[in-house]
Amino acid sequence: LGGARKMVEEGLFQRFPMDAIYALHNWPGMPVGSLAVNPGAMMASLDSFEITLTGKSCHAAMPESGADPMVVAAELILALQTIPSRRLSPLASAVVSVTQIHGGEAINVIPETLVLRGTVRCLQTDVRNKVRGLIEEFVTTLPRPFGVSGAVHWFPGYPVTANHAEPAEQVRMAAQQMLGEEQVYWQVNPSMASEDFACMLDVCPGAYFWLGADGATPSAPLHNAEYDFNDALIPLGVTFWQRLVEQALPQG
């Protein structure tokens, strides 16, 4: 996970200086023979979090003698959903999802600790920083009236996959020449999924783009058990890379 960051940290671009970098991803929901690229964000940032709620264990029949982290978890999960809906501008893009709850061992015991895990996705770096700060504020302050303490640990993720304008335009021109202008989507809605190629775009100009994957039968979504790669993409992808190289490199 996150191999691109490791390659950058180990000196990829110092050992092999590059003028520009490019990456493509096949994309269900777009027809074969189409391509999408933006001069800005294509994919969201990724941050993962682990929240630990610590209360006081007690008998489930005597909750007044303890401090229940389970109730706090329920309140906190709902409260975190107000960050995108009430604490950010409607024009900002952010997703806060709690995806795991771990705690308790017996049905008649209120546990002492409970752990929540989840993910944050954003399309703007300033929004990403604000969301992180708001989550930390909620985790610190919301549990206090319940006699519970909260702490959050962050796992470094990926920045926004943000294309650079000139390489994105190179992709657009090559795609229009090969596929036709009507098959090239420019300024599409970014995806709230994430991509570690973003770590490379942070330090080198480049562009990340999508190649349509839907044939006569629409493709199953990515990361789905029913997904089946459409082999018709292979000659399209190979030919496009050839066109892009011919266009981007000086002719000697």
Side-chain angles (χ1 to χ4, degrees), residues 1-6 9 28 43-88 90 92-125 127-160 191-196 198-199 220-228:
L1 187 65
R5 173 178 283 112
K6 193 68 176 176
E9 290 173 350
M43 308 279 276
S45 62
L46 163 65
D47 289 298
S48 300
F49 58 81
E50 180 177 276
I51 297 168
T52 303
L53 300 173
T54 304
K56 180 182 177 182
S57 182
C58 64
H59 197 292
M62 307 170 192
E64 75 283 0
S65 63
D68 191 349
M70 199 72 71
V71 172
V72 174
E75 296 277 355
L76 184 60
I77 291 170
L78 293 177
L80 292 179
Q81 302 313 304
T82 67
I83 292 176
S85 65
R86 289 296 180 268
R87 300 299 298 274
L88 300 178
S93 300
V95 174
V96 179
S97 293
V98 177
T99 56
Q100 296 181 23
I101 304 177
H102 301 274
E105 296 180 1
I107 61 171
N108 62 344
V109 177
I110 289 175
E112 180 174 337
T113 61
L114 187 144
V115 173
L116 306 175
R117 298 190 183 102
T119 182
V120 175
R121 311 295 176 108
C122 302
L123 288 176
Q124 300 89 14
T125 300
V127 173
R128 181 189 188 193
N129 294 334
K130 183 173 183 178
V131 171
R132 285 186 56 155
L134 287 170
I135 289 176
E136 291 171 2
E137 182 181 340
F138 271 111
V139 171
T140 302
T141 60
L142 185 146
R144 288 176 183 167
F146 298 89
V148 173
S149 63
V152 59
H153 176 74
W154 291 97
F155 298 92
Y158 313 144
V160 178
S191 169
M192 296 306 291
S194 302
E195 168 61 59
D196 77 332
C199 300
L222 298 170
H223 302 273
N224 181 290
E226 300 300 320
Y227 174 78
D228 182 21

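Because the structure is a prediction, the values reported are computed rather than measured. The basis for the numbers below is simple: all heavy atoms, side chains too, and nothing from hydrogens, waters or symmetry mates.
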Say you draw a straight line from [atom1] of [X] to [atom2] of [Y]; how long is it, rounded to the nearest 0.5 Å?
| X | Y | atom1 | atom2 | answer |
| --- | --- | --- | --- | --- |
| D68 | F146 | CG | CZ | 9.5 Å |
| S85 | L80 | OG | CG | 11.0 Å |
| H102 | T52 | NE2 | OG1 | 11.0 Å |
| R87 | K130 | CZ | NZ | 7.0 Å |
| L88 | T82 | CG | OG1 | 9.5 Å |

4.5 Å side-chain heavy-atom contact, [X] and [Y]:
| X | Y | value |
| --- | --- | --- |
| P28 | L222 | yes |
| W154 | I135 | yes |
| Q124 | S93 | yes |
| R117 | S48 | no |
| I101 | I77 | yes |

Looking at [X] and [Y], would you say the former's side chain and the latter's main chain have a donor-acceptor pair under 3.5 Å?
| X | Y | value |
| --- | --- | --- |
| R132 | R128 | no |
| Y158 | C199 | no |
| R5 | G157 | yes |
| S194 | A44 | yes |
| T119 | D47 | yes |

Return the minimal non-hydrogen interatomic distance between [X] and [Y], and the atom names on each side.
| X | Y | answer |
| --- | --- | --- |
| C122 | V160 | O-CG2, 3.7 Å |
| P69 | L114 | CB-CB, 4.1 Å |
| T99 | G118 | OG1-CA, 3.6 Å |
| E136 | T140 | O-OG1, 2.8 Å |
| N224 | A220 | OD1-CB, 4.2 Å |
| V131 | A94 | CG2-CB, 4.1 Å |

- [ ] Identify which one of L116, V71, V148 satisfies the side-chain contact (heavy atoms from CB on, under 4.5 Å) criterion when paired with L76.
- [x] L116

Task: Verdict with reasoning, F138 to I83, per side chain to side chain contact (heavy atoms under 4.5 Å, CB included) - done: CA-CA 10 Å; F138 271 111; I83 292 176; 3.6 Å; yes

Please table the atom pairs, donor to acceptor, closer than 3.5 Å between any side-chain atom in residues 54-65 and protein atoms at least two apart or in another chain.
residue : atom : partner : partner atom : Å
S57     : OG   : I110    : O            : 2.8
H59     : ND1  : A61     : N            : 2.9
S65     : OG   : M62     : O            : 2.7

